Structure formats: C-alpha cells, structure tokens
Engineer: 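Below is the structure I would like to discuss, written out as structure tokens.
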Number of protein chains: 2
Amino acid sequence: MQSFTEENYLKIIYHLAEKTNNVQTNAIAEQMQTKPASVTDMIKKLAEKGFVDYIKYQGVTLTDKGKNAAVDIVRKHRLWEVFLVDKLNFKWDEVHDVAEELEHIKSTALIERLDEFLGFPKSDPHGDPIPDKNGRFAKTQFTKLIDLKISDQGTITGVSQHSSAFLKHLEKLGLTLGKQIEINDVTDFDGSVEILVAGKQINISREVAKHILISSNGKN
Amino acid sequence: MQSFTEENYLKIIYHLAEKTNNVQTNAIAEQMQTKPASVTDMIKKLAEKGFVDYIKYQGVTLTDKGKNAAVDIVRKHRLWEVFLVDKLNFKWDEVHDVAEELEHIKSTALIERLDEFLGFPKSDPHGDPIPDKNGRFAKTQFTKLIDLKISDQGTITGVSQHSSAFLKHLEKLGLTLGKQIEINDVTDFDGSVEILVAGKQINISREVAKHILISSNGKN
DNA sequence: TTAAATTTTTAGGTAAATCTAAAAATTATT
DNA sequence: AATAATTTTTAGATTTACCTAAAAATTTAA
C-alpha cells in the first residue's frame, strides 16, 4: 500500500503522462507544489517500489503497476465528485478540494458500494470519464471548442480546466455540460469566439474556448 | 488546524475522559497502539497548542478548545457511520474502520451537507449520540443490561463495545437496536443472563450483558 | 515507612517527506 | 563546437511522529 503522498505523486504523474511520454521532474514539482530536489527523492522511492521506470535526467514513466494505482485514485476522485454534486448538492466548482482528500480513503468495499449507490456513473461533473472497477474506461474523443470552424455545432461534454474561477465563469455564461452550441464567428482581432447557446449569442475569450470540450454532432 | 495524528490523540483522550477525569499516559498509549514515550511527546505538543492541560506525572485533561476539536471529530465519525449503514448498506460491524478514516476529512461544508442529506440523525448505528454542529448532544442515560434485575424490561438502545466480533454476535442473537427485552433470570453459576427477546428466551454471557445498553421502560 | 512495582519522563535515534545550496548533466544558442 | 541556460541530482539539514533504553517520580505492598 502506498502513502498519501505517494498516491498524489502517482496521480500527478498519470495526468502529466496524458500529455507527454516522459514526465519531467520540474513538471511534477510544479504540480506537487514542491521543489525539484524533493521530486527526485520521491521518484527514486517510487522506482524502487516498482511504480515507475526512471532513468536519471530522463524523466519517469509509469509501470503497469503504477498506472493501475493511479487509475484507481482517479476513479475514487471522480466518484466522490459525483457524490458531492448529485447527493450533497455541491456545485461543480466546489468539489475538487474535498475530492482530493476523499480519494485517499482506502476501502475497496466503500468505493464499490458508492459506485453502485450513484448508479455506476460513466463521467464526473466535469465530463471526465470514470474508470470501472477494473480500471477500464472509454477514451472519449473530444474536440476543443477553439478548434471548431464557423457553423460547426456540438454539445458541451467536458472541460480541461477545473479551477473554481473558470467553472464559475462558465456557469454564469450558461455553458454547462450538455448544452448545445454553434459557432457563429471567430474574431480576427483577439481570437475570441461568437457562439450560439440556448438561443442567445455570446462571446467567449480564446482562453475560455481552449478549455471547453465539445462532442461534435453535425457539420464537421 | 491539527494533523491527522493530533486528531486521533484528541479523540482518544476525549473518550478516555468519559471514564476518568485525569487521563493517563499509559491508557492513551494503549488506545493509540503506541509507546508511552511517544505519548509524552505528543502530549507536550498538544499542551503547547492549548488543546490539553498537562502536569507532569499527573495525566492530561482537555481544554475547551481541545474538547471542541474532539467533539467535532466524534460528530464526523458518527455521521459517516450513519451514511455507510443507511445509504451504502454496510452492516453495523463493518463501519468502524472506514469511519476512522473519513472522520479526518476537513470540510465544514461537507459535513453540514452530509448531516442534512442524512436527515440530521440523532444517533449512529451503535446508538451513540451525534453532536450537532455546535457540538451539543443529549447525554443519554443508559443502563447496562447486566445491571437490570429479574423481570425488568427495556429497549436496546446502544452498545459499549464496537468490535466486529461482538456486533456480529449480537446480530446473530437478534439483539439489535430497538429490540424489547425482559430479564427472566440470572444464573448463579456464571452470572449469565436469561432474557426474553422477540418472544424467544435466550441466554447471554455476563461479558455480553455488560456491553448492551438499555433504556428502561417499565418495572425498574 | 522503606522497598518493590508501576508509571511516566528524558535522552538520544530513526524514517518519511521536505528543504537549500551547490554540483552535474542536458539542452539551447551563438 | 564551445558557451550559456536550463534541468536535474547530490549533499546535508529540518520536522513530525515514532522508537528503545535508562532515569525519575509515583503508587503499592511488606
């Protein structure tokens, strides 16, 4: 069994590995809010325990064992988020920090019963897929809103930014999961995007558009 | 804010203080499954932080601050137990260890919403009272089954032992919370007790009878 | 009321996760 | 390809919660 801290490292390495193959020391340090020297120490320990493959100065990759451990934590995190939103009426911008703690509770029975209690949800309040108890989940194919062309349509099915500020902003704009949108125009000046949502036309910044994930359902 | 370990010390001191005024180092060590020397270290730290009053060789008592912190943990523990039994269908003998972990999740919003979700329960699956958000709760007056006289009647409203083995045993005997019982006889030989429950007459050992709590409702 | 037993504390050390400062390796730039 | 910049690692400390062994205080028993 891994410690609280080891679990956090594994989870962060897992998420970083979704973007780059070899995860760098500095990147981990930034995510863990710690210093690179500390990361090197921990990486050695995780390598000794067989959770990561590590070559000095070359960064780390998760082993199968490490990947399984990480996916398990991700599963717990996302299930707890569903619980908080569906059962305790938290908003989608309020759940991250609490789930960050709950994900470390060690009880297989707990998480399986929670899963059942929640009706075996397939995705969390931010649209991220929830692995099943064997760690399997569909690799959903999303398009970033920013990559759509004028007159493209689609449904908001996820976000790639979980900060409270960002999520609150989306909420205020009415850009929540499941909403249908259509691209009306892209501004030359600042790259902001004019979209049609719920019959209204709104303008969102490039930065916002980058972090909204769309599942296309027409004209693409 | 206190650490995980500090919280466990406070909780244990709180429970020990329900029996004796000055809580002894050895007693804490036993409950914490650690050595007396370690307890002395931690006590000093808790005293410095103002959670306990401490005089060398005289044991500790909780300050108001310490008591509040402890009651808060007890509240969380018991609410989570209700959640596990009522919502996730855990048995009353399966919840202790998981609640032991969940009680350390730090979020006031979480625990208040959980309380509401559960319908503001007044007691946990073992009959122990749940403090409200201001730390107040009724000091319920229980009689131990062992202290009842022949022909006394009452209702099982709690247990003073939370081990899985004990609770499973009670379950098998049909001695669960809310059951009406009547004392038929007390065996001279071994002090075991003959009781009438749900129309059937059963014999329970002195040791079991010690840990069943009864709220009397007649002939006392 | 002194000796024996028990309880508690002190002293000195360990392991986990962190840090700073400096050295080493890698990558980028001229 | 040599130098500069960046990244990563090493070395040596720190903090928290724990340990063992021995000393000190308290309690119990003769």
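A quick note: this is a predicted structure, and the numbers were derived from the prediction, not measured. To find a chain, count down the sequence lines: A is the first, B the second, and so on, and within it residues start at 1.
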Engineer: Could you report the tightest heavy-atom contact between B:K44 and B:Y54, atom names first, then the distance?
Structural biologist: CG-CE2, 4.1 Å
Engineer: At under 4.0 Å, does any side-chain N or O of A:Y54 touch on OP1 or OP2 of D:dT9?
Structural biologist: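 Yes, such a contact exists.
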Engineer: Any base atoms under 4.0 Å from B:T40, or only sugar-phosphate, or nothing? Heavy atoms, all strands.
Structural biologist: base
Engineer: Provide, to the nearest angstrom, the distance between the CD1 atom belonging to A:I55 and the P atom belonging to D:dT8.
Structural biologist: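 Interatomic distance, CD1 of A:I55 to P of D:dT8: 14 Å.
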Engineer: In whole angstrom, give the distance that lies between atom CG of B:N22 and atom C1' of C:dT7.
Structural biologist: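 Nearest whole value for this atom pair: 14 Å.
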Engineer: For the ring pair A:F83 and B:F83, is the centre-to-centre distance below 6.0 Å?
Structural biologist: yes
Engineer: Should B:T25 be listed as having a side-chain N or O under 4.0 Å from OP1 or OP2 of C:dT9?
Structural biologist: yes
Engineer: Just how far, in rounded Å, is C1' of C:dA16 from CD of A:E7?
Structural biologist: 15 Å
Engineer: Whole Å only: how far is the CE atom of B:M42 from the C1' atom of C:dT9?
Structural biologist: 16 Å
Engineer: With respect to the phosphate group of C:dT7, does any side-chain polar atom (N or O) of B:Q24 fall under 4.0 Å of OP1 or OP2?
Structural biologist: no
Engineer: Assess whether a salt bridge exists between A:E101 and B:K106, defined as any Lys/Arg side-chain N lying under 4.0 Å from an Asp/Glu carboxylate O.
Structural biologist: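 Answer for the salt bridge query: no.
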Engineer: What closest approach, in Å, do B:P125 and B:V85 show between heavy atoms, and which atom pair accounts for it?
Structural biologist: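 Nearest pair, atom of B:P125 first, then B:V85: CG-CG2, 3.5 Å.
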Engineer: Just the rounded figure in Å: distance from P of C:dC19 to CD of A:Q33.
Structural biologist: 11 Å
Engineer: Is the distance between the ring centroids of A:H77 and A:H96 less than 6.0 Å?
Structural biologist: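 For A:H77 and A:H96, the ring centres are under 6.0 Å apart.
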Engineer: Would a 4.5 Å heavy-atom cut-off, applied to side chains only, mark A:M42 and A:I28 as touching?
Structural biologist: no
Engineer: To the nearest Å, give me how far apart CD1 (B:I28) and P (D:dC18) are.
Structural biologist: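 Distance, rounded to whole Å: 12 Å.
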Engineer: Is the shortest side-chain N/O distance from B:S3 to OP1 or OP2 of D:dT16 below 4.0 Å?
Structural biologist: no
Engineer: Output one line per pair: protein atom, nucleotide atom from nucleotides 20-26 of chain D, and distance, for all N/O pairs under 3.5 Å.
Structural biologist:
residue, atom, partner, partner atom, Å
D:dA25, O4', B:Y57, OH, 3.4

Engineer: Kindly write out the residues that satisfy salt bridge (Lys or Arg N to Asp or Glu O under 4.0 Å) with A:K67, not counting sequence neighbours, or none if the list is empty.
Structural biologist: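 Not a single residue meets the salt bridge (Lys or Arg N to Asp or Glu O under 4.0 Å) criterion with A:K67.
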Engineer: With a 4.0 Å cutoff (strictly under), does any side-chain N or O of B:N26 reach OP1 or OP2 of C:dT8?
Structural biologist: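 Answer is yes, contact under 4.0 Å.
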Engineer: Looking for any heavy atom pair under 4.0 Å, which part of the strands does B:Y9 touch: base, sugar-phosphate only, or nothing?
Structural biologist: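 Counting heavy atoms under 4.0 Å across all strands, the contact made by B:Y9 is with sugar-phosphate only.
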Engineer: Provide, to the nearest angstrom, the distance between the CD atom belonging to A:E30 and the P atom belonging to D:dT8.
Structural biologist: 12 Å
Engineer: Whole-Å distance between C:dT10 C1' and B:D41 CG?
Structural biologist: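 Distance, rounded to whole Å: 9 Å.
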Engineer: Among C:dT18, D:dT10, D:dT9, which is the nearest nucleotide to the side chain of A:K44?
Structural biologist: D:dT10
